[in-house]
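Below is one structure, written out as structure tokens; comments come after it.
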Amino acid sequence: MAHAPPLEPADKGREARRVTLVGAGFDGLLGLLKVMVGTLVGSAALVADGIHSFSDLGTDAFVLAATHFGHQAPDRNHPYGHGRIETLATLWLGSVLLFVAGGIAWASVMRLFTGEPIPTPGLWAILLALVALAIKEWLYHYTLRTARRIGSKLLEANAWHSRSDALSTVVVLVGLVGAQFGHGWLDAVAAVLVALLVGKIGGRLLWESSQELIDTALPESEQAAMRQEGQGVPGVRGIHDLRTRTVGGNVLLDLHIVVPPRISVSEAHEIGNEVSRRLRQAFPDLHDVTFHIDPEDDQDMLAHSHQPGLPLRREVEARLAEAWGDEPCWQSRLALDLHYLDNRIDISLYIDASSAEGTLEPLATRLRQRVAHLTWLGRLRLWVGPGETARR
């Protein structure tokens with residue numbers, strides 16, 4: 001059996017927009033019909049369910065906005081992207097839903113306590129609820145199939161929102177049938193239950209969006225899995241200060257990678273690139289990975305920006321020139337490597353064989369004595385050709 005080729009990102013976007021627009025069309029139509037019919041027959045439950053359908057319409061709009069605005073590339077004014085647009089819009093929707101839910105619940109409770117007569121809704125209202133239930137259940141399955149085919153968590157969440165609307169319609173249907181047979185209080189009770197469902201959705205949207213705005217980290221289990229994946233890269237000696245946050249459904253990751261202290265900058269950077277590649281492969285939701293290369297584990301140390309700084313190369317060379325300026329090995333040096341480790345500067349001096357003076361030990365001892373006053377100096381290494389070294 002032949003398998004369909006994988007969809008390109010542009011095709012996935014079109015699929016998501018198409019299924020969302022279909023759902024939005026039905027949500028808008030059903031919401032309007034429920035509110036109109038509910039108002040005509042005096043059914044608070046049907047009106048409440050219509051507002052619930054409009055909440056799905058709002059969610060559809062946010063899905064469309066997320067695929068259009070939220071996924072736009074970073075620009076000069078928004079270097080971190082536009083993901084917060086979806087977050088802010090979701091906060092607004094959650095607030096509106098909570099407000100509406102409170103109004104529906106209050107009005108329905110007052111109807112129960114005041115004994116206001118509730119008219120029979122009629123068969124048309126019951127039929128509308130049945131049709132709405134069938135449509136919302138179909139939308140749930142249609143959206144969920146598309147979400148799984150294109151691998152969209154956002155679309156999958158929207159499918160479950162449609163299922164919640166179908167469940168609320170079941171509650172409304174019970175209230176309508178009860179009111180039709182003279183138990184009008186069931187309509188008011190159903191309206192309160194639907195209001196609670198709407199309020200639950202609004203509260204969840206507010207909670208999730210607020211957690212995103214305050215940069216809440218991913219669960220500890222996911223962070224541990226990311227740390228383990230990164231530590232499996234050859235050349236990685238440790239990972240610390242791993243931080244995660246979510247922006248518009250995308251996960252951002254910062255981490256420090258400990259590598260062997262004396263490898264080249266380019267090799268260390270490529271180790272970091274490999275960590276980034278493996279993390280992206282293992283965690284598809286990762287949108288951005290920022291890594292910092294460490295030559296030693298400084299996890300429990302005070303931040304380097306708060307510590308007294310060590311001299312940089314220009315000052316180091318000036319101080320060494322003052323101490324070794326008359327030394328032939330310094331005058332004819334081939335290279336000078338600096339390693340900033342353990343709050344000291346280790347020096348590797350590569351010298352020409354003509355200035356080695358036989359064995360390196362006496363020369364290394366003399367050089368070390370002449371720079372003993374440099375408090376920031378760590379280990380001193382002399383190199384002459386491959387494999388010949390002296391340390392002080």
Next item on the list: Using the side chain to side chain contact (heavy atoms under 4.5 Å, CB included) rule, pick out the option among Leu374, Leu380, Leu310, Leu312 that qualifies with Ile345.
Entry: Leu310
Checklist line | NZ/NE/NH1/NH2 to OD/OE distance under 4.0 Å, Lys136 and Asp27 | finding: yes
Note to self: Closer than 4.0 angstrom, basic N to acidic O: yes or no for Asp342 and Arg379?
What the structure shows: no
What pair of heavy atoms forms the shortest contact from [X] to [Y], and how long is it?
| X | Y | answer |
| --- | --- | --- |
| Cys329 | Leu363 | SG-CD1, 4.0 Å |
| Thr244 | Leu218 | OG1-N, 2.9 Å |
| Leu360 | Ile351 | CD2-CD1, 4.0 Å |
| Ala323 | His373 | CB-CE1, 4.5 Å |

Just verifying a value: how many Å separate [X] [atom1] and [Y] [atom2], rounded to the nearest 0.5 Å?
| X | Y | atom1 | atom2 | value |
| --- | --- | --- | --- | --- |
| Ile263 | Glu270 | CD1 | CD | 11.0 Å |
| Phe26 | Tyr142 | CZ | OH | 9.5 Å |
| Leu128 | Leu133 | CG | CG | 11.0 Å |
| Arg280 | Leu253 | CZ | CG | 9.0 Å |

What donor-acceptor contacts under 3.5 angstrom involve side-chain atoms of residues 224-243, with partners at least two apart or in another chain?
unit_1 : atom_1 : unit_2 : atom_2 : d
His240 : NE2    : Asp294 : OD2    : 2.9
His240 : NE2    : Asp298 : OD1    : 3.3

Notebook entry, point to check: For Ile347 and His339, what are the C-alpha separation, side-chain angles and deciding distance, and is it a side-chain contact (heavy atoms from CB on, under 4.5 Å)?
Noted result: CA-CA 6 Å; Ile347 292 179; His339 300 280; over 6 Å; no
Check: Is the closest side-chain heavy-atom distance between Arg17 and Thr20 below 4.5 Å?
Finding: no
Using the salt bridge (Lys or Arg N to Asp or Glu O under 4.0 Å) criterion, which residues pair with [X]? Sequence neighbours excluded.
| X | answer |
| --- | --- |
| Glu274 | Arg277, Arg278 |
| Arg313 | Glu317 |
| Arg145 | none |

Notebook entry, point to check: Do Trp383 and Leu341 share a hydrophobic cluster, counting only Ile, Leu, Val, Met, Phe, Trp and Tyr and linking them when any side-chain heavy atoms are less than 4.5 Å apart?
Noted result: no
Note to self: Taking side-chain contact (heavy atoms from CB on, under 4.5 Å) as the definition, give me every residue that meets it alongside Thr290, ordered by chain and number, with sequence neighbours left out.
What the structure shows: Asp254, Asp288
Margin query: Determine whether Phe283 and Glu222 satisfy the following criterion, side-chain contact (heavy atoms from CB on, under 4.5 Å), listing intermediate values before the conclusion.
Written below: CA-CA 9 Å; Phe283 304 94; Glu222 294 187 40; 5.6 Å; no
Note to self: Suppose we screen for ring pair (Phe, Tyr, Trp, His ring centres under 6.0 Å). Which residues come up paired with Phe291, at least two apart in sequence or across chains?
What the structure shows: His269
Notebook entry, point to check: Once the angle between the rings of Trp330 and Trp324 is folded into 0 to 90°, is it parallel (under 30°), tilted (30 to 60°) or perpendicular (over 60°)?
Noted result: perpendicular
